[in-house]
Amino acid sequence: MKVLLDSDGASVREITQEVCQKFNIPLYLVKNYTQDFNVFYGNIINVDISKEAADLWIVNNAKKGDVVITNDKGLSSMALAKEVFVLDFSGKIIDDENILNFLEKRHLSRVLRRDGIYSKIPKRKCEEDIKFKEVLTNLLRRMNMYKFYISSLCPDCPPAIELVKEKNLDVETIDITASMKNLKEFLNHRDNQEAFDVIVENNYVGIPCLYKDGRYFFFDYDIDDFLKGE
């Protein structure tokens with residue numbers, strides 16, 4: 001997982017660096033080469049001055065599960081197609097449910113500007129910085145956690161639960177028999193990932209299971225060896 005910041009004119013550069021540094025998450029600040037600023041965390045990516053250069057770099061380098069931070073709703077739309085998380089500078093999560101509304105507003109603004117009608121951009125408020133930092137912190141904290149798939153009906157899960165507690169791992173515990181939503185989420189892994197091939201062939205369920213960043217642990221070898229592989 002990494003964070004890609006659309007950095008030209010971004011008002012959240014320092015906050016984004018601070019939060020990514022806290023979680024030790026790779027950060028790429030993408031800008032055209034005429035923009036000049038320093039960073040204390042992350043990597044600056046210089047692109048051509050052309051209008052779409054930064055957008056194209058971000059879209060081409062974004063992977064599923066990454067975070068894209070931008071106020072550009074056109075870029076937001078393209079990024080969502082890559083199955084990434086999108087956040088704007090005010091702390092709004094952009095998703096498939098609200099992107100059309102944002103694109104319609106952008107189109108209306110363009111029509112008004114073409115007719116010589118310009119809306120005044122309000123000065124950024126301190127409350128917006130606070131909200132952005134809170135939303136980004138919560139998002140990265142959740143994404144940085146292990147997902148721990150268990151079942152209250154499984155006799156193999158209690159020892160695994162105790163081991164996770166002993167290791168003091170930051171986990172999101174998901175009981176796959178507690179709801180249909182939880183079950184569907186787990187089955188999406190089980191039915192589509194090679195890590196489960198042997199488990200499926202032997203008619204096992206595949207829990208308890210730890211998951212993070214494409215890696216699975218089924219408590220079938222030393223957990224310390226798994227954790228060292230991070």
S.K.: Using the rule given for side chain to side chain contact (heavy atoms under 4.5 Å, CB included), can you reason through Tyr33 versus Asp48, listing the C-alpha separation, both sets of side-chain angles and the distance that settles it, and then say yes or no?
M.R.: CA-CA 6 Å; Tyr33 65 83; Asp48 190 73; 4.3 Å; yes
S.K.: Nearest 0.5 angstrom please: Ile176 CD1 to Ile150 CD1, how far?
M.R.: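 So the gap between those two atoms works out to 9.0 Å.
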S.K.: Does any non-hydrogen side-chain atom of Leu29 lie less than 4.5 Å from one of Ile45?
M.R.: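 They are not in contact (no side-chain heavy atoms under 4.5 Å apart), so the answer is no.
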S.K.: Would you say Phe40 ends up clustered with Phe23 if hydrophobic residues are merged whenever their side chains have heavy atoms under 4.5 Å apart, either directly or through other cluster members?
M.R.: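 In one cluster with Phe23: Phe40, yes.
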S.K.: Quick one: closest heavy-atom pair of Asn61 and Lys2, and the distance?
M.R.: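 Nearest heavy atoms, Asn61 then Lys2: O-NZ, 3.0 Å.
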S.K.: Quick one, Leu5 and Leu27 - any side-chain contact, counting heavy atoms below 4.5 Å?
M.R.: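 A side-chain contact exists here, since the closest heavy-atom pair is under 4.5 Å.
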S.K.: Could you go step by step and tell me if Ser77 and Leu80 meet the side chain to side chain contact (heavy atoms under 4.5 Å, CB included) rule?
M.R.: CA-CA 5 Å; Ser77 179; Leu80 287 174; 5.7 Å; no
S.K.: So, Asn182 side chain and Ala178 main chain: donor-acceptor pair closer than 3.5 Å or not?
M.R.: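 No, Asn182 side chain to Ala178 backbone: no donor-acceptor pair under 3.5 Å.
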S.K.: Apply the test salt bridge (charged side-chain N to carboxylate O under 4.0 Å, His left out) to residues Asp36 and Lys31: give CA-CA distance (whole Å), side-chain angles for both, the deciding distance (0.1 Å), then the verdict.
M.R.: CA-CA 9 Å; Asp36 186 25; Lys31 68 178 186 67; 6.0 Å; no
S.K.: So, taking the atom named OG in Ser7 and the one named CZ in Arg13, what distance separates them when rounded to the nearest 0.5 Å?
M.R.: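 The OG atom of Ser7 sits 6.5 Å away from the CZ atom of Arg13.
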S.K.: Measuring from atom SG of Cys20 to atom OH of Tyr28, what distance do you get when rounded to the nearest 0.5 angstrom?
M.R.: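 Rounded to the nearest 0.5 Å, the SG-OH separation comes to 11.5 Å.
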S.K.: Counting only heavy atoms from other residues, nucleotides and ligands, does the tally under 6.0 Å from CD of Glu14 exceed 12?
M.R.: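 No, not enclosed.
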S.K.: Heavy atoms only: give me the nearest Ser90-Glu128 pair and the separation to one decimal.
M.R.: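 Residues Ser90 and Glu128, closest heavy atoms: CB-OE2, 4.0 Å.
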S.K.: Closest approach of Arg190 and Val205, non-hydrogen atoms and distance?
M.R.: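 Here Arg190 and Val205 meet closest at NE-O, 2.7 Å.
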S.K.: How long is the span from the CD1 atom in Ile93 to the CG atom in Leu87, to the nearest 0.5 Å?
M.R.: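 The CG atom of Leu87 is 4.5 Å from CD1 of Ile93, to the nearest 0.5 Å.
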S.K.: Looking only at non-hydrogen atoms, find the nearest pair between Ile49 and Asn32 and report the distance.
M.R.: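 Reported closest heavy-atom pair: CA-CB, 3.9 Å.
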S.K.: Side chains of Val67 and Met143, heavy atoms from C-beta outward: is any pair under 4.5 Å?
M.R.: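 Yes, their side chains come closer than 4.5 Å.
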S.K.: Taking atom CZ of Phe37 as the centre, report whether more than 12 heavy atoms of other residues, nucleotides or ligands fall under 6.0 Å from it.
M.R.: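 Enclosed.
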S.K.: With sequence neighbours left out, write down each residue that passes side-chain contact (heavy atoms from CB on, under 4.5 Å) with Leu56, or none if nothing qualifies.
M.R.: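 Expected list: Glu52, Asn60.
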S.K.: Backbone N or O of Asn98 within a donor-acceptor pair of the Asp95 side chain at under 3.5 Å?
M.R.: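 Yes, because the side chain of Asp95 sits within donor-acceptor range (under 3.5 Å) of the backbone of Asn98.
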S.K.: Looking at every non-hydrogen atom in both residues, tell me the closest pair between Asp55 and Met78 and how far apart they are.
M.R.: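 Closest approach of Asp55 to Met78, heavy atoms only: CB-CE, 4.2 Å.
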S.K.: Are Phe218 and Phe196 near enough that their ring centres are under 6.0 Å apart?
M.R.: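 Ring centroids of Phe218 and Phe196 are less than 6.0 Å from each other.
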S.K.: For residues Tyr204 and Phe186: do they belong to one hydrophobic cluster (side chain heavy atoms under 4.5 Å, members Ile, Leu, Val, Met, Phe, Trp, Tyr)?
M.R.: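 In one cluster with Tyr204: Phe186, yes.
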S.K.: Determine, step by step, whether Leu4 and Val84 satisfy the side chain to side chain contact (heavy atoms under 4.5 Å, CB included) criterion, reporting the C-alpha distance in whole Å, the side-chain angles of both residues, the deciding distance to 0.1 Å, and the verdict.
M.R.: CA-CA 10 Å; Leu4 302 108; Val84 305; over 6 Å; no
S.K.: Within the structure provided, determine whether Ile223 and Leu210 are in side-chain contact (heavy-atom separation under 4.5 Å).
M.R.: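 Ile223 vs Leu210: side chains touch.
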S.K.: Does the side chain of Lys165 come within less than 4.5 Å of Glu162's, by heavy atoms?
M.R.: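 Contact flag for Glu162/Lys165 side chains = yes.
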S.K.: Would the number of heavy atoms belonging to other residues, nucleotides or ligands and lying under 6.0 Å from NZ of Lys133 be above 12?
M.R.: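 Counting neighbours around NZ of Lys133, 12 or fewer heavy atoms of other residues, nucleotides or ligands fall under 6.0 Å, so no.
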S.K.: Starting from Ile58, can I reach Val86 by hopping between I/L/V/M/F/W/Y residues whose side chains sit under 4.5 Å apart?
M.R.: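 Both belong to a single hydrophobic cluster.
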S.K.: Is any side-chain heavy atom of His189 less than 4.5 Å from a side-chain heavy atom of Tyr216?
M.R.: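 The answer is yes; the side chains approach within 4.5 Å.
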S.K.: I'd like to check Thr16 versus Tyr41 (side-chain heavy atoms, cut-off strictly below 4.5 Å). Are they in contact?
M.R.: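 Result no, sub-4.5 Å side-chain heavy-atom pair not found.
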S.K.: Step by step, would you call Glu83 with Lys63 a salt bridge (charged side-chain N to carboxylate O under 4.0 Å, His left out)?
M.R.: CA-CA 7 Å; Glu83 298 185 66; Lys63 305 295 183 184; over 6 Å; no
S.K.: Would a 4.5 Å heavy-atom cut-off, applied to side chains only, mark Asp170 and Asn144 as touching?
M.R.: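 No, side chains not in contact.
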S.K.: Under 3.5 Å, side chain of Lys147 to main-chain N/O of Met145, donor-acceptor pair present?
M.R.: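 The answer is no, because no donor-acceptor pair under 3.5 Å joins these two groups.
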S.K.: Between Pro26 and Met1, which heavy-atom pair has the shortest distance, and what is it?
M.R.: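 The answer is CD-O, 3.5 Å.
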S.K.: Indicate, with yes or no, if Tyr221 and Ile207 share a hydrophobic cluster defined by side-chain heavy-atom contacts under 4.5 Å among Ile, Leu, Val, Met, Phe, Trp and Tyr.
M.R.: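 No.
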S.K.: Looking at Leu136, Ile15, Asp6, which hits side-chain contact (heavy atoms from CB on, under 4.5 Å) with Ile69?
M.R.: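 Single pass found, and it is Leu136.
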S.K.: Any link between Phe219 and Leu227 through a network of hydrophobic side chains (Ile, Leu, Val, Met, Phe, Trp, Tyr) touching at under 4.5 Å?
M.R.: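 Same cluster: Phe219 reaches Leu227 through Ile, Leu, Val, Met, Phe, Trp or Tyr contacts under 4.5 Å.
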S.K.: In Å and rounded to the nearest 0.5 Å, what is the CD1 to OG distance from Ile94 to Ser76?
M.R.: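 Answer rounded to 0.5 Å: 5.5 Å.
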S.K.: If the test is side-chain contact (heavy atoms from CB on, under 4.5 Å), which one of Leu139, Asp66, Leu140, Val68 qualifies with Val3?
M.R.: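 Of all the options given, the one that passes is Leu140.
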S.K.: To the nearest 0.5 angstrom, please state how far the OH atom of Tyr211 sits from the CD atom of Glu185.
M.R.: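 CD of Glu185 is found 10.0 Å from OH of Tyr211.
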S.K.: Start with the C-alpha distance between Phe148 and Leu169, add both sets of side-chain angles, then the distance that settles side chain to side chain contact (heavy atoms under 4.5 Å, CB included), and finish with yes or no.
M.R.: CA-CA 10 Å; Phe148 184 28; Leu169 297 180; over 6 Å; no
S.K.: Does NZ or CZ of Arg215 lie under 6.0 Å from the centre of the six-membered ring of Phe226, at an angle within 45° of the ring axis?
M.R.: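 Yes, Arg215 lies over the aromatic ring of Phe226.
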